Amino acid sequence: MSIASDNNLLWTPPDISDLLTVSVDGQADNSTVAGMLVINCAAGQWLTGQMDDYTYFELLDHYGIDPLGFVDEVEAHMQLLMR
């Protein structure tokens with residue numbers, strides 16, 4: 001299910017960086033959990049300007065996340081909110 005939807009039920013977190021967080025299931029190994037923590041920390045750093053776009057996108061790619069697809073989904077959500 002997409003977070004960006006036209007059904008007037010848009011969810012907005014208290015902290016916008018929550019839109020860029022990832023999670024893993026309870027059976028994930030330690031390295032996967034560590035990667036989740038790195039990605040989630042990087043989201044906050046990127047949004048506050050402490051990390052440049054290139055570094056953030058490279059980090060997402062390193063952990064197997066399509067950077068443009070991931071960020072485009074959040075951007076689409078924000079555009080719907082601003083309409």
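Keep in mind that what you see is a predicted model, and the values were worked out from it rather than measured. Sequence positions, counted from 1, serve as the residue numbers for this chain.
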Which pair of heavy atoms, one from [X] and one from [Y], lies closest together, and at what distance?
| X | Y | result |
| --- | --- | --- |
| Ser17 | Ala43 | O-CB, 4.4 Å |
| Leu59 | Ala42 | CD2-CB, 3.9 Å |
| Asn40 | Val22 | OD1-N, 2.7 Å |

- [ ] Say whether Asp52 and Thr55, considering side chains only, have a donor N or O and an acceptor N or O under 3.5 Å apart.
- [x]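 Yes - a donor-acceptor pair under 3.5 Å links their side chains.
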Open item on the list: Distance check, rounded to the nearest 0.5 Å: Thr21 atom OG1 versus Leu37 atom CG?
Closed with: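 These two atoms lie 11.5 Å from each other.
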TODO: Measure the CD-CE distance between Gln45 and Met51 for me, rounded to the nearest 0.5 Å.
DONE: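 Output value for this atom pair is 4.5 Å.
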- [ ] Among residues two or more places apart or on two chains, list those pairs meeting side-chain hydrogen bond (donor to acceptor under 3.5 Å, both in side chains) that have a residue in residues 29-38.
- [x]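 Output for this query lists Asp29-Ser31, Asp29-Thr32.
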TODO: Any side-chain hydrogen bond (donor to acceptor under 3.5 Å, both in side chains) involving residues 59-69? Give me the pairs, sequence neighbours left out, ordered by first then second residue.
DONE: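 Applying side-chain hydrogen bond (donor to acceptor under 3.5 Å, both in side chains) to every pair that reaches into residues 59-69, excluding sequence neighbours, yields nothing.
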TODO: Please tell me if the side chains of Leu20 and Phe70 come closer than 4.5 Å, counting only heavy atoms from C-beta onward.
DONE: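 Yes, their side chains come closer than 4.5 Å.
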TODO: Answer whether the closest heavy-atom distance between the side chains of Tyr56 and Leu47 falls below 4.5 Å.
DONE: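 Not touching, per the 4.5 Å side-chain cut-off.
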